[in-house]
Structure formats: C-alpha cells, structure tokens
Amino acid sequence: MGVPRGPGRWLWWTLRPPFRPLTYHAARAMFGRANRLLGSNWTLHDLRRTAAYRMARDPKLALTDVQWVLGHAHLSTTQIYLPAGREEIIDAVRAHHERAGREAQVVAVPAPGYRPDSLEELFGRNR
C-alpha cells in the first residue's frame, strides 16, 4: 500500500505517508510502546541475537554467510552463536541415557561428603 518493494529496498517502513524507511530510533520507540503494552522488555538487539542464533544453527547456511549478515569482522565473534541452548543440551543428554538403556548402578551408601537428603531430593527413592 504505497510502500516501495523489491530487492535492495528497506524492510521496515513508516506506516503513514510520506513513506520512508524506519530509522533505528523510530524502531526503538516502536519497541518501547509494544513493551509497555505487553509488560515485556524486548530490544532490537534481542531480535538480532535470536536471528543470529537461528542462522548459525541452520546446517544449510554457512557460518561465513552469517558473519557477513551480522557484519562481524572476525568469524570467532559469530561462533558465539553456535553452542547449543540449555533445552537442546537437556534433550541430547536424555536421548543419550535412553540409548544407554537407563541402567544405573544402585549405590546402597552415598559416597562420603554427600548428604542422603540431597540425593533423595535429586534422584528420588529409587537411585
């Protein structure tokens, strides 16, 4: 609706004419209004980090391409987005235990230095 489209055009535009590319400060103000309405505290940098993490984890996208999109001078800066998130690690460890057959050794007496009540809380009655 009046906003120029196509390759090489800006992604975000003002809503009212005259249409012009949304500036950084206008985008920050937009996020501020949305945060007040939602009771949240998202920032433009949060969007950038989320996009970077998702792109870095995409096996069909080269990390050097992600580096270029983010404007990082060094690949090592882009690599910080490669480590798996907490949920992915937990899922991987659970899958490992399922593959291992979940057979744990039953220790009748905890090793010295462990409090039985702590172990009970962590592992339940059937250790």
Other residues, nucleotides, ligands: >12 heavy atoms within 6.0 Å of R54 CZ: no
From D65 atom CG to L70 atom CG, the distance as rounded to the nearest 0.5 Å: 11.0 Å
Considering only heavy atoms from C-beta outward, does the side chain of L47 approach that of W42 to under 4.5 Å? no
Interatomic spacing from OG1 in T50 to CE in M55 - rounded to 0.5 Å: 10.5 Å
Check W13 against W10 and note the closest heavy-atom contact, atom names and distance. NE1-O, 2.8 Å
Exceeds 12 heavy-atom contacts within 6.0 angstrom, atom CG of D117: yes
Atom pair CZ (F31) and CG (L38), whose distance is rounded to the nearest 0.5 Å: 10.5 Å
Measuring from L44:CG to R48:CZ, what's the distance to the nearest 0.5 Å? 11.0 Å
Closest non-hydrogen contact found for H74 with Q67 is C-NE2, 3.5 Å
If you count every heavy atom of other residues, nucleotides or ligands that lies below 6.0 Å from L15 atom CG, does the total exceed 12? no
Rounded to the nearest 0.5 Å, what's the gap from CG on D91 to CZ on R86? Could you check? 11.0 Å
For the student: nearest non-hydrogen atoms of T78 and L63, plus distance: CG2-CD1, 3.7 Å
Any chance CZ of R28 has more than 12 other-residue heavy atoms, nucleotides or ligands included, within less than 6.0 Å? no
Heavy-atom pair of closest approach, residues R57 and L82: NH1-O, 2.6 Å
Nearest heavy-atom approach of P83 to Y53 is O-CE1, 3.5 Å
If you compare all heavy atoms of V66 against all heavy atoms of L61, which two are closest, and at what distance to 0.1 Å? CG2-CD2, 3.8 Å
Verify the cluster assignment for M30 and L37: are they in a single hydrophobic cluster under the rule of side-chain heavy atoms below 4.5 Å apart? no
With sequence neighbours excluded, tell me which residues meet side-chain contact (heavy atoms from CB on, under 4.5 Å) with S118. R115
